[in-house]
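Below: the structure, in structure tokens.
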Amino acid sequence: AHVLPSVIKACAGLLAVKIGKQVHGFSLASGLYWDPFVESSLVHFYVKCDELVDAHKLFDNMVERDVVCWSALAAGYARKGDLVNAKKVFNEVKDLGFEPNTVSWNGMIAGFNQSGCYLDAVLMFQQMHLHGFTSDGTSISSVLPAIGDLGYLNSGTQVHGYVIKTGFAVDKCIVSALIDMYGKCRCALEMSQVFEDMGQVDVGACNALIAGLSRHGLAEKALTVFKELQGQGMELN
RNA sequence: UGCUGAUGGCGAC
């Protein structure tokens, strides 16, 4: 019974729709469908495959809904840019009787960011704090690009300060997210500073830096940096 | 100190 969720998870990763549906059928036939782990991995599977209608239907018919499958569904709507349903599902949480956790919040922030609903991503980030949660690395690297796209330099600087204070500065994803954010806010200096403060060289950070430099019309500088890094044996795209 | 499910950046594809 513990292998089903893993199998379904693999189908979701591969977008193997047919196989996933077969596994779904098998779980029904074998009577394992009521297992919360099986069910939520199925919800996640349908979400990943963009079958939100099926995902929602499954969710509504579940015997044992919990915070995990609820998070998966809400995040799925957010990632699709379906603001109405995302918020609707997210706000249903009280009626369902459980509480969002850090992952639930992160899923919404990341989803809104990926679908270009930047303002909503930032608002969710604020709400998360108002509800007494602390952001982790995932929340921060999800919200930073949204802040950058909105040009909210003040918020970005605040998050940067928080990153330094909490020691998240060693996280590669966060560093490149910071570089990306400063690049979008047209702060070439801060951007380069973050890059240099990073002890080690990271491909992602380099990509963000070069993209940021080009955005400033500093294409030549970008090329120079590109060659420098190549000289150090970096494999860039 | 892990051991079935939901959440992360830039880029290439």
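Numbers restart at 1 for each chain; the letters A, B, ... are given by sequence-line order, proteins then strands.
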**Prompt:** Under 4.0 Å: is that the gap between some side-chain N or O of H44(A) and OP1 or OP2 of U7(B)?
**Reply:** yes

Would you mind writing out the side-chain donor-acceptor pairs for residues 169-176 of chain A within the sub-3.5 Å range, not counting sequence neighbours?
{"unit_1": "D171(A)", "atom_1": "OD1", "unit_2": "C173(A)", "atom_2": "N", "d": "2.9"}
{"unit_1": "D171(A)", "atom_1": "OD1", "unit_2": "I174(A)", "atom_2": "N", "d": "3.4"}
{"unit_1": "S176(A)", "atom_1": "OG", "unit_2": "K172(A)", "atom_2": "O", "d": "2.9"}
{"unit_1": "S176(A)", "atom_1": "OG", "unit_2": "C173(A)", "atom_2": "O", "d": "3.4"}

**Asked** What salt bridge (charged side-chain N to carboxylate O under 4.0 Å, His left out) pairs are there with at least one residue in residues 151-162 of chain A, not counting sequence neighbours?
**Response** none

**Message:** Could you work out, with side-chain hydrogen bond (donor to acceptor under 3.5 Å, both in side chains) as the rule, every residue matching K87(A), not counting sequence neighbours?
**Reply:** D120(A)

Check: residues 122-130 of chain A side-chain donor-acceptor pairs under 3.5 Å, at least two apart:
{"unit_1": "H129(A)", "atom_1": "ND1", "unit_2": "F133(A)", "atom_2": "O", "d": "3.3"}
{"unit_1": "H129(A)", "atom_1": "NE2", "unit_2": "S135(A)", "atom_2": "OG", "d": "3.4"}

**Prompt:** If only side-chain N and O atoms of K9(A) are considered, is one of them under 4.0 Å from the OP1 or OP2 phosphate oxygen of A6(B)?
**Reply:** yes

**Fill in**
Here the helical stems involving RNA chain B, each at least 3 consecutive Watson-Crick or G-U pairs closer than 3.5 Å, sorted by first residue number, are none

**Item:** Members of residues 163-173 of chain A that approach RNA chain B, where some heavy atom sits under 4.0 Å away
**Value:** D171(A), C173(A)

**Request:** Please list, chain by chain and in numerical order, all residues satisfying side-chain hydrogen bond (donor to acceptor under 3.5 Å, both in side chains) with S192(A), sequence neighbours excluded.
**Result:** none

**Request:** Keeping to residues at least two apart or across chains, list the side chain to side chain donor-acceptor pair (under 3.5 Å) pairs with something in residues 55-68 of chain A.
**Result:** H56(A)-Y77(A)

**Fill in**
The complete set of side chain to side chain donor-acceptor pair (under 3.5 Å) pairs with one or both residues in residues 100-114 of chain A, sequence neighbours excluded, reads S71(A)-S104(A), N101(A)-S104(A), N106(A)-D136(A), N106(A)-S139(A)

**Asked** Distance check: side-chain N/O of Q114(A) vs OP1/OP2 of U7(B), anything under 4.0 Å?
**Response** no

**Complete:** Contacts of Q22(A) meeting side-chain contact (heavy atoms from CB on, under 4.5 Å) (sequence neighbours excluded), chain-then-number -> none

Do any N or O atoms of the protein come closer than 3.5 Å to N or O atoms of nucleotides 1-3 of chain B, and which pairs are they?
none

**Message:** Does anything in residues 132-145 of chain A come within less than 4.0 Å of RNA chain B? Heavy atoms only, and list the residues if so.
**Reply:** G137(A), T138(A), S141(A), S142(A), P145(A)

